[in-house]
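Below, chain A is the first sequence line, B the second, and so on; all start at residue 1.
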Protein chains: 2
Amino acid sequence: MPSGRQDVRERLQAAALELFRERGYDQTTAAEIAARAGVTERTFFRYFPDKREVLFDGEVGMLAALSAAIADAPDNLGPMDVLLRTFRSFEKTIEKNRPFNEPRQAIIAVTPALRERQLLKSAAMAVVVASALEKRGVERKMAALTAQAGVAVFDHAGRAWFEDPSLSLGEHMKRAFQALHGLAAQNAKPRSRTASRSRTASARPKRHK
Amino acid sequence: MPSGRQDVRERLQAAALELFRERGYDQTTAAEIAARAGVTERTFFRYFPDKREVLFDGEVGMLAALSAAIADAPDNLGPMDVLLRTFRSFEKTIEKNRPFNEPRQAIIAVTPALRERQLLKSAAMAVVVASALEKRGVERKMAALTAQAGVAVFDHAGRAWFEDPSLSLGEHMKRAFQALHGLAAQNAKPRSRTASRSRTASARPKRHK
DNA sequence: GTAGAACATGTCAGTGACTGACACAAGACA
DNA sequence: TGTCTTGTGTCAGTCACTGACATGTTCTAC
């Protein structure tokens, strides 16, 4: 039954997606996935280090591309602009993948174990992004912070696009970045400069624990 | 051997921390933790839903306090300011807990399974924060985005404080928030860097890998 | 064309996380 | 005093995951 190596991999992923949709992640055993793909459980674990990972795959290739795209961005941009620009350069690809990602994301959303794994992937992405920013000369902690915020915004835009596809993903991204922008600006809103307020009651409600 | 219910819980946590430090998380079985605490494995799983959770506990109580603190913040602040203020109100408590958190955090840092769980906890915190912001009248998506960014900054400050305790946690938080602020502001600003342009990043670096 | 290496898979046995069911002890309470 | 509740131990079982080994298939060198 097994033929090409790539073929087996894809059969396993397809089988997993089907079964998860039919019975849910927890009610599906690795052996069942393997059986539907025409291999044994042992083979399943030769392709994927654990059961969760069968739903997370494209992300690896994306990281390298992401890193390269950040490196290639023009020189005269601030770090956050680099990220916006980079993420938007993936817009088309991601939009094209929506039919595949939609059911996948639906399963992840209702399965805590998978949400956990997805958070790990996002964190990994932030690490890669941070490192790519550092290579552009951004100071280390700044790079980490920017990456973290940027990935958060990216995820946020992705979720927004998922529940409202009437706007393009790029538009959602633009808005999310603008919102973040506005947030920071709002900080100084009550007319006087932020620095002057450093004295006022250094915020201590009576809660603890 | 088991005496009070709370007592057993704490013995289990202490035993787990000890064993994880001695042999590492993966080399420690739940049965061993239970044995050192003077109970059986089955009892361990009556106190904690899974092995990872034994290291994450205080966080539950913190969420309620966080939510309350956000609700109690003065009215005239932008959402991000509310968060900075709120987080800083926890400064003392967190600093006091450092001796307990330090070894714990060290173990988490070297154990992927635990890092994953910690990310889930942060995400849960973001959800709570977002909901608390919404109750203050912040629009839903804006609340989510603010919470996400705020928690990211909070985590970032925590990590920075961990590796450099010469500055207070509050100071790290202030700086992280200011950095985020600066990031957004920088967005619109074309920057000319000193030693850039001709050589550094514009020549496409190696692409592969 | 064939020997042998390299690779992909199957089989089997085993560990460890976690769960449900039941029995039992001790204190709370009627 | 007897019953009820609560916390625990015991046992059997499922499932994720792993190491070791045997077998088949494909690739390569000669």
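Minimum atom distance to the side chain of T40(A) is reached by dT11(C), of the listed dT8(D), dA16(D), dT11(C).
Within residues 41-52 of chain A, the residues having any heavy atom under 4.0 Å from DNA chain D are, by residue number, E41(A), R42(A), F45(A), R46(A), P49(A), D50(A), K51(A).
Taking the ring axis of F20(A) as reference, the NZ or CZ atom of R104(A) does not stay both within 45° of it and closer than 6.0 Å to the ring centre.
Summarising the geometry, the separation between CG on D7(B) and C1' on dT8(D) is reported as 15 Å, rounded to the nearest angstrom. Spacing between atom CD1 of I33(B) and atom P of dA17(C) amounts to 8 Å, rounded to whole angstrom units. The distance between atom CD of Q6(B) and atom P of dT6(D), rounded to the nearest whole Å, is 17 Å. The nearest whole Å value for the distance from the CD atom in Q27(B) to the P atom in dT18(D) is 13 Å. The separation between L114(B) atom CG and dA17(C) atom P is 13 Å, rounded to whole Å. As a whole-Å value, the separation of E53(A) CD from dT18(D) P is 12 Å. E32(A) places its CD atom 13 Å from the P atom of dT14(D), with the value rounded to the nearest Å.
Formation of a donor-acceptor pair under 3.5 Å by the E95(A) side chain with backbone atoms of L169(A) is found in this model. Looking only at distances, no side-chain donor or acceptor of R88(A) sits under 3.5 Å from a matching main-chain atom of M173(A).
You'll find the side chain of L183(A) reaches within 4.5 Å of the side chain of M142(B), heavy atoms only.
Looking at R175(A) and E171(A), a side-chain N of the basic residue comes within less than 4.0 Å of a carboxylate O on the acidic one, giving a salt bridge.
Among all heavy-atom pairs drawn from A130(A) and A144(A), the shortest one is CB-CA, 3.9 Å.
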